[in-house]
Protein chains: 4
Amino acid sequence: MTGEPRPELQRDAERTRADLLAVATEVFAESGYSGARVDEIAERTRTTKRMIYYYFGGKEGLYMAVLESAYRGIREAEQRLQVDHVDPVVAIRNLAELTFDHHLDHQAFIRLVAIENIHRGEYIGRIDSLRTLGQPATSLLDEILARGHEQGVFRADVDALDVHLLISSYCVFQVANRYTFGFLFDVDFTETTRRAHLRRMIGDVVVGWLTTH
Amino acid sequence: MTGEPRPELQRDAERTRADLLAVATEVFAESGYSGARVDEIAERTRTTKRMIYYYFGGKEGLYMAVLESAYRGIREAEQRLQVDHVDPVVAIRNLAELTFDHHLDHQAFIRLVAIENIHRGEYIGRIDSLRTLGQPATSLLDEILARGHEQGVFRADVDALDVHLLISSYCVFQVANRYTFGFLFDVDFTETTRRAHLRRMIGDVVVGWLTTH
Amino acid sequence: MTGEPRPELQRDAERTRADLLAVATEVFAESGYSGARVDEIAERTRTTKRMIYYYFGGKEGLYMAVLESAYRGIREAEQRLQVDHVDPVVAIRNLAELTFDHHLDHQAFIRLVAIENIHRGEYIGRIDSLRTLGQPATSLLDEILARGHEQGVFRADVDALDVHLLISSYCVFQVANRYTFGFLFDVDFTETTRRAHLRRMIGDVVVGWLTTH
Amino acid sequence: MTGEPRPELQRDAERTRADLLAVATEVFAESGYSGARVDEIAERTRTTKRMIYYYFGGKEGLYMAVLESAYRGIREAEQRLQVDHVDPVVAIRNLAELTFDHHLDHQAFIRLVAIENIHRGEYIGRIDSLRTLGQPATSLLDEILARGHEQGVFRADVDALDVHLLISSYCVFQVANRYTFGFLFDVDFTETTRRAHLRRMIGDVVVGWLTTH
DNA sequence: CATGAATGAGGCTTCATTCAT
DNA sequence: GATGAATGAAGCCTCATTCAT
């Protein structure tokens, strides 16, 4: 009737919700959708299992809320990346290498994405609010590419989405496929020198590719 | 596992095992480890659930058998790839593009790999027979790179594993992350023209990168 | 129940109570006691779930209030039935046929009665105010029968309660058992011609029976 | 493979199934569909809750199996009723009074029917095998009525279904509405003299009605 | 080797109710 | 008198696994 949420109460509700979401993000990222246990999520929380149904309607709703908040969080973080070098070649290398760091910093997110793809995107496909979340990710790239084309230093047959795909593939793979790749090729992706090598490498790859005519 | 089966039944025993393995591969690839149902696997088989325990000891053993046979099968297929062009630049492009095709032809396998990585490689890590399966994958690359280095057309700071990682990242991503990426960027990875573009692109990327000094 | 509400709120209090009662009547009649959901009742109301506990003490109290108000309402409606023909044969036929109509007009009530009988009358048995509610229902019958007996047109071994029971059985059955009977005998009780036939029939039955010596 | 069920095993399976069905019939008849507890059913059984899902798929399947077996059992019992008097008037009276007894002997069944009608017949409507179960119930009546019509002792505007409906209404009501009716009119339907009166009465009603022209 | 029957532990969800404000 | 948040108990169901034959 008042229209105004009472702050003290809302706070608690918000906290409960946030708490559940945070724990659920961890658990889903760790165990996948089917592997995650509603009981485990609840136990790690200040509240009870019942609240999952109160706030999210069920396991599925909770998982979708996790997906949405994870994507939203990651895009926000992405938009804080600063790549304002004037030289497009330097800029693109910076972007590639910062993206590399960014992925390493958000491994849980990448696991969630892998999990969602195992489900063939059936849940994300129902989150309408994410339907337009791609755009910002390529806008910075658009700019850099435009400058590079103007200056004639970049090849012409490449657009922002191509570059984004290449960089994403590489950076995601480091995290998502680390275990099997590491096992088969006896490689440790957490070693500092190897990591530095791999970081420089994605810069080399992108620059080498784009500057070849 | 429990001694020698009687000869006249051996045929059927082998068939039963193979049947289970084939169905289990499909089901695990489709639903993940936790999501897969022992009942479903048994139902889609000529035999009964009991046989899963008889031949594989349980769900876990079956999953590991699936992993092993999948990796073994994929490496065999890889070794049939023919890239015998003398020009290392042409050869490496061919290899990249054939690998691209190869991944698209083995999507179930890529899903299994994604699933196993969600489990942090805990199952593959216990399959000793796969521990050395990586080598053949890079030997062809080794050759091509060696020739390229001899001829001075390839940069020197790159080894076979680097190239393999780059190509794998790209090709795996097409399959493994198709759903979320497709959703966020409104891209259909099954479109023929797009697929041709993406196929050429990985060749461009690898060649552009390797030939930059 | 808890003293006198403040006058200016009394109006609303009464409205809230009535609102709850009306919705609860619908929901209990639709789903039974166990099947009814307190949440659903509250949702379909202008007020909140809390009010159910405030006004009725809980689900059980609400259900009993529903029962009481339903019985009270039905008896009031019954008493408005006008059967003032002097000829007892005509009068009894009229009464039977009007009762038939009356039941068709109050199907929710009949469902509530069926539900309460499933519970072996344990709730109605605790509503003392209903304990004497039967009498008025037979008083009109008493009169008609008395006149018929005086005139020697009705058989002597029948009292008002017998006739009431026969008519009630027939009229209740039309509503209460409509679904199973309709299914098994492929009969549609809502068809107009059939309904007219059935209406006349209860008149025939009662008159035929009473006038047989 | 053999085609022949192995008797010893089948027996147990059949016993388990039958055990569940018998207990479930009691519990559903006692508490209704929503009110019945799967746990309670299982507890009263030689087996475990799990078997309900194994044999019946779930609570709903079990309830439907109960409905089906109850209807089937009741029709079998009905067909054992012997009413072979040549005089149609005597025969119809016998049938009415035996039906009266029959209903009193199968109160759980009548409760189940009441419950199913609360659910608007949604479950019985899905049991195709019951769709033709009505016929036998009216065939005996058909015969008797035919004889009565031939002899000119029965009125002509009545068919078997009408008579069946009248008798059913009366007999069902005794059981189904006993509690509320008994409470409101202070009547005890289990009293022996009242029961005898009520039994004779349905005979009187039917005969009186049918023999009135 | 094979089968149908059986199982216990644990999964997700829903219920009526109460609390703090 | 009213609200949204919270709850514990209990509900139905599903899982991988094993047993008797």
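Lettering follows sequence order; numbering is per chain, from 1.
Nucleotide E/dA2 holds its C1' atom 17 Å from the CZ atom of B/R17, rounded to whole Å. Straight-line distance from the CD1 atom of B/I52 to the P atom of E/dT3: 13 Å, rounded to whole Å. Between the CD1 atom of B/I41 and the C1' atom of F/dA16 there is a distance of 11 Å, rounded to whole Å. Rounded to whole angstrom, the span from the OH atom of D/Y63 across to the P atom of F/dC12 amounts to 15 Å. Atom NZ of B/K59 and atom P of F/dT14 are 15 Å apart (whole Å). Note: OH (B/Y55) to P (F/dT18) measures 18 Å, nearest angstrom.
Cation-pi contact between B/K59 and B/Y33: present, with separation from the ring centre below 6.0 Å and deviation from the ring axis of at most 45°.
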*With Watson-Crick and G-U wobble geometry limited to distances under 3.5 Å, how should the secondary structure of DNA chain F be encoded in dot-bracket form, using | for bases paired to another strand and [ ] for crossing pairs?*
.||||||||||||||||||||
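At a threshold of 4.0 angstrom between heavy atoms, the contacts of A/T48 are confined to the sugar-phosphate backbone, with no base atom among them. Across all strands, A/A36 comes closer than 4.0 Å only to sugar-phosphate atoms, never to a base (heavy-atom distances). Across all strands, D/F56 comes closer than 4.0 Å to no nucleic acid atom at all (heavy-atom distances).
Interatomic distance, OG1 of C/T16 versus OH of C/Y54, reported as 10.5 Å (0.5 Å rounding). For the atom pair B/D19 CG and B/M51 CE, the distance stands at 12.5 Å (nearest 0.5 Å). Atom OG of C/S129 sits about 12.0 Å away from atom OH of C/Y71, to the nearest 0.5 Å.
Ion pair D/R37/D/E43 not flagged as a salt bridge, since none of the NZ, NE, NH1 or NH2 atoms sits closer than 4.0 Å to an Asp/Glu carboxylate oxygen. Under a 4.0 Å N-O distance rule, the pair C/K49/C/E40 does not qualify as a salt bridge.
B/R50 contributes no side-chain N or O that forms a donor-acceptor pair with the base of E/dG4 under 3.5 Å. No donor-acceptor contact under 3.5 Å links the side chain of D/Y54 to the base of E/dA6. Side-chain atoms of A/K49 and base atoms of E/dT13 include a donor and an acceptor less than 3.5 Å apart.
The nearest heavy atom of DNA chain F to B/D39 and to D/E60 marks one nucleotide each, and the one closer to the 5' end goes with D/E60. When each of C/S34 and B/R46 is assigned the nucleotide of DNA chain E with its nearest heavy atom, B/R46 is the one assigned upstream, toward the 5' end. Both A/Y53 and C/V38 sit near DNA chain E, but only A/Y53 has its closest nucleotide nearer the 5' end. DNA chain F is contacted by both B/R37 and A/M51; A/M51 maps to the nucleotide lying nearer its 5′ end (nearest heavy atom per residue).
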For residues 111-118 of chain B, tabulate all N or O donor-acceptor pairs below 3.5 Å that involve a side-chain atom, not counting sequence neighbours.
residue : atom : partner : partner atom : Å
B/R111  : NE   : B/A29   : O            : 2.7
B/R111  : NH2  : A/I118  : O            : 2.6
B/R111  : NH2  : B/A29   : O            : 3.3
B/R111  : NH2  : B/E30   : O            : 3.1
B/E116  : OE1  : B/Y63   : OH           : 2.8
B/E116  : OE2  : B/E122  : N            : 3.4
B/E116  : OE2  : B/Y123  : N            : 2.9
B/E116  : OE2  : B/I124  : N            : 2.7
B/N117  : OD1  : A/Y179  : N            : 2.9
B/N117  : OD1  : A/T180  : N            : 3.0
B/N117  : ND2  : A/T180  : OG1          : 2.9
B/N117  : ND2  : B/V113  : O            : 2.9

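One finds a side-chain N or O of D/T16 lying less than 4.0 angstrom from the OP1 or OP2 phosphate oxygen of E/dA6.
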